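Inspection log for the structure reproduced underneath, given as structure tokens.
In the text below, chain A, chain B and the rest are named by the order of the sequence lines, each starting its count at 1. Hydrogens, waters and symmetry mates play no part in the numbers below; they use all other heavy atoms, side chains included. Because the structure is predicted, anything quoted here is derived from the model rather than measured.
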There are 2 protein chains.
Amino acid sequence: MEPKSATLWDRSRQAVVAEIVDTALALFAEKGYEATTMAEIASRAGVSPRSLFRYFGSKEDIVCGDQDNLGELLRASVEAQPPEVTSWDALKAGFVAIASAGCSPRRVLEINTLIFTSSPLHARYLEKRLKWQRSLVPVIERRMAIESTEEPDPRAVAVIATVFACVDAASELWVRRGGDADPYALYDQMLAAVRG
Amino acid sequence: MEPKSATLWDRSRQAVVAEIVDTALALFAEKGYEATTMAEIASRAGVSPRSLFRYFGSKEDIVCGDQDNLGELLRASVEAQPPEVTSWDALKAGFVAIASAGCSPRRVLEINTLIFTSSPLHARYLEKRLKWQRSLVPVIERRMAIESTEEPDPRAVAVIATVFACVDAASELWVRRGGDADPYALYDQMLAAVRG
């Protein structure tokens, strides 16, 4: 019976987390991100402040929290590409994989709008992304047939940093247009401008 | 007499600012960035806490404060490149101009080491850099012969984002090697890997 009850617990935890995120996003949309407090989120979601802090350490975590899992999914997806796929295409395939993971496009747009319009959130998001970038270095070094050493190879670092810079820039333009654009077309246009 | 006394005041202000930055960097090196308080910096520099806050709103500002001026110098330097220079070369020339502005290479290494090893500082630095990137968009649009509209052009955004990503990645590797590397050679190697 152990695994079954663990699954049930997992599912109820996921439901609570989803409920809190929904409530918080609704409050952010009503009052603005900065003006909303953790106490208000707890009260509206019907959980104690203590429970809320057990699930999310901060307001920023409610928006950016799932980024850790997404980073791991990105790394695994890039790694899973066949060896003949270039680093550029493998990284793009990784981002396609995480874009369709878990959230509806509408939710992704809501979260991205918050991130790109609040400086502290944007900064926290960029910090998380730097962790993702570091975790991809050995994966891209292998794909570029570069021997891995203790120090990251400048070429692998540069390819990863460029893909992230273009993904973020495409997401920001997508948000700016209120979701009324194809983010993949924007990304392709950007990468073409860079790679010449 | 007005301009002369203004200049004198300016120079004494600059001397105080330089003294505070020196003192703060010495304390950060001794005790670590997180553990050092504004009160300790004021006391060691021989100024009142109130004066210190007049010059710098936060500890982060002591390290990143001058970034606003540097951003303006970068923009002006890129803009001043002759029209036949490509966007890539103009942006690099801009970064060469600000690298040799004001600080000794040793001081630049000290500041970059702090930035790349402290998460809150790194986040604040990235926020400032995003502002620099935005201010460069019309400059690069002109150089790429793109008509400027209200919305930033994806190609101009992408070229700027890529140069910044590679400059930051090169700076981080330079810091990691304790300054024992040529950051320009690292940057060139990175851009070559990206542009193929």
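Linking ILVMFWY side-chain heavy atoms closer than 4.5 Å, directly or via other members, places B:F53 and B:I62 in a single hydrophobic cluster. Linking Ile, Leu, Val, Met, Phe, Trp and Tyr residues whenever their side-chain heavy atoms come within less than 4.5 Å leaves B:V85 and B:V139 in two separate clusters.
The pair B:R124-A:E127 does not meet the salt-bridge criterion, since no charged nitrogen lies less than 4.0 angstrom from a carboxylate oxygen. Taking a cutoff of 4.0 Å between a charged side-chain nitrogen and a carboxylate oxygen, A:R176 and B:E150 do not qualify as a salt bridge.
Only the side chain of B:E172 comes within less than 4.5 Å of a heavy atom in chain A; its backbone stays farther off.
More than 12 heavy atoms of other shown residues, nucleotides or ligands fall within 6.0 angstrom of atom NZ in B:K31. No more than 12 heavy atoms of other residues, nucleotides or ligands shown are found within 6.0 angstrom of CD on B:E147.
To the nearest 0.5 Å, atoms OG1 (B:T162) and CG (A:L191) are separated by 7.5 Å.
Interface check for chain A: of the options B:A193, B:S87, B:G196, B:A170, the most heavy-atom pairs under 4.5 Å are formed by B:A193. Heavy-atom pairs under 4.5 Å with chain A were tallied for B:L130, B:L126, B:L186, B:V157; the largest tally goes to B:L130. With respect to chain B, the highest number of heavy-atom pairs below 4.5 Å among A:R195, A:Q189, A:M144, A:E151 belongs to A:E151. When each of B:A156, B:A169, B:A165 is scored by its heavy-atom pairs under 4.5 Å with chain A, the top score falls to B:A165.
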Determine, step by step, whether A:W88 and B:V194 satisfy the side-chain contact (heavy atoms from CB on, under 4.5 Å) criterion, reporting the C-alpha distance in whole Å, the side-chain angles of both residues, the deciding distance to 0.1 Å, and the verdict. CA-CA 10 Å; A:W88 299 100; B:V194 167; 4.0 Å; yes
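Between A:M190 and B:R155, the closest side-chain pair of non-hydrogen atoms is not below 4.5 Å.
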